Amino acid sequence: MFKSKKLFTFMFLVILSVFALAACGGEEESKEENKEETGSSEGGSTLETIKANDKIVWGVKNDTKLFGLKNPSNGEIEGFDVDMAKAITEIILGDASKVEFKEVTSKTRIPMLNNGDIDAIIATMTITEERKQEVDFSDVYFEAGQALLVKKGSPIQSIEDITADTKVLAVKGSTSAINIREKAPEAQVLEFENYAEAFTALKAGQGDTLTTDNAILFGMASEDSNFEVVGDTFTDEPYGIAAKKGSDDFVQAINDALAELKENGKYDELYNKWLNF
Ligand code: GLU
């Protein structure tokens, strides 16, 4: 009697755990199904999703004067990229205020786009063949070129003056960090998380020169008159707006908006407001 009661309890427990396992499996399965569903709706039309959300989440720089800089007095992010994002949003969604801005750095912008944290990147981003493997780009909306920023009176006046003793400051994830190693292979390159940190390091004397796009460097030089941009540009950096791979309709809408802004004078107005150096 005792024995069979034990057996009964054992059998009961076995049956219970079989049911419990089956239930767990079911839950996992339905989670997977859910995941696929969100995936497939994302994989549909990006433009439709954006229109349904009624806003565009833009990845912008927060520390790059002239393009995307957070104004500490009012918390607003200001610059050419930011104004372009608003103007494009106005054309696509009918209202410039239907924007949300999230901070990106050169290193985080592609992962944030591909994670779904942002819908598009407008953040001093050069169109390159390597990046085209990971994201889709709009037409070019600005032409920059890589240059050098130095303290006034520096012996470095162009890329030719860089030697094995030169410490060059650059930012992680930027084309500048790659290009400088090609153009001045003997240089010591120190990489920072963002442009605010790199410029602070230059001011603190941790390097001899900071390298990135001339337009970004002009913004820094305008903040501190002890520094100047030297030499000719030594690369071409055509800026594009990036969207997740496969969002053809969204990229088309961005390109149509860019064409309209060039046509109606708004592009020139914003260019002159920010980039008339
Ligand atoms: N335009 C260059 C790039 O896309 C340098 C500026 C930046 O780091 O955003 O990498």
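Fair warning: this is a prediction, and the values are worked out from it, not measured in the lab. Counting starts at 1 for both ligands and their atoms, following the listed order.
Among all heavy-atom pairs drawn from Ser138 and Val251, the shortest one is CA-CG1, 4.0 Å. Heavy-atom minimum distance, Ser225 versus Lys152: O-NZ, 2.7 Å.
With a heavy-atom cut-off of 4.0 Å, Val171 does not touch ligand 1 at all. Residue contacts with ligand 1, taken as heavy atom pairs separated by less than 4.0 Å, do not involve Lys172 at all. Looking at Arg109 against ligand 1, only its side chain comes within 4.0 Å, counting heavy atoms. Here Thr64 has no heavy atoms under 4.0 Å from ligand 1, in either its backbone or its side chain. At a heavy-atom cutoff of 4.0 Å, ligand 1 is contacted by both the backbone and the side chain of Ser174.
If you number the atoms of ligand 1 from 1 as listed, the ones under 4.0 Å from a heavy atom of Ile216 come out as 6 (C). Contact atoms of ligand 1 toward Met125: 4 (O) (distance under 4.0 Å to a heavy atom of the residue). For ligand 1 and Asp213, the ligand atoms under 4.0 Å from any heavy atom of the residue are 1 (N), 2 (C), 5 (C), 6 (C). With ligand atoms numbered from 1 in the order given, ligand 1 contributes 1 (N), 2 (C), 3 (C), 4 (O) to contacts under 4.0 Å with heavy atoms of Thr126. Near Lys61, meaning under 4.0 Å from any of its heavy atoms, are these atoms of ligand 1: 7 (C), 8 (O), 9 (O). Near Tyr239, the atoms of ligand 1 lying under 4.0 angstrom from a non-hydrogen atom of the residue are 1 (N).
Ligand 1 has an N or O atom lying under 3.5 Å from an N or O atom of Thr124, backbone or side chain. In terms of N/O distances under 3.5 Å, ligand 1 is not approached by Thr212. Between Ser106 and ligand 1, at least one pair of N/O atoms sits closer than 3.5 Å.
In the displayed structure, Lys167 atom NZ is contacted under 6.0 Å by at most 12 heavy atoms of other residues, nucleotides or ligands. Crowding of Lys51 atom NZ: a count of heavy atoms from other residues, nucleotides or ligands under 6.0 Å not exceeding 12. More than 12 non-hydrogen atoms from other residues, nucleotides or ligands lie less than 6.0 angstrom from CD of Glu186. The neighbour count for Lys55 NZ, taken as heavy atoms of other residues, nucleotides or ligands under 6.0 Å away, does not exceed 12.
Residues Phe142 and Thr124 form no side-chain contact, since every pair of their non-hydrogen atoms from C-beta on lies 4.5 Å or further apart.
Assignment of Gln146 to the shell around ligand 1 is not supported, since no heavy atom sits closer than 4.0 Å. Proximity of Ala123 to ligand 1 is established by a heavy-atom distance of less than 4.0 Å.
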Practice task
Check the pair Phe227, Phe199 against ring pair (Phe, Tyr, Trp, His ring centres under 6.0 Å), reporting the backbone distance first and the verdict last.
Solution key: CA-CA 10 Å; Phe227 292 88; Phe199 191 29; 5.5 Å; yes

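Taking the six-membered ring for Trp, Phe67 and Tyr239 have ring centres closer than 6.0 Å.
Between Trp58 and Phe250, the ring planes lie tilted relative to each other; the angle falls in the 30° to 60° range.
Scanning the protein for heavy atoms near atom 2 (C) of ligand 1, the closest one is Thr175 OG1, 3.1 Å.
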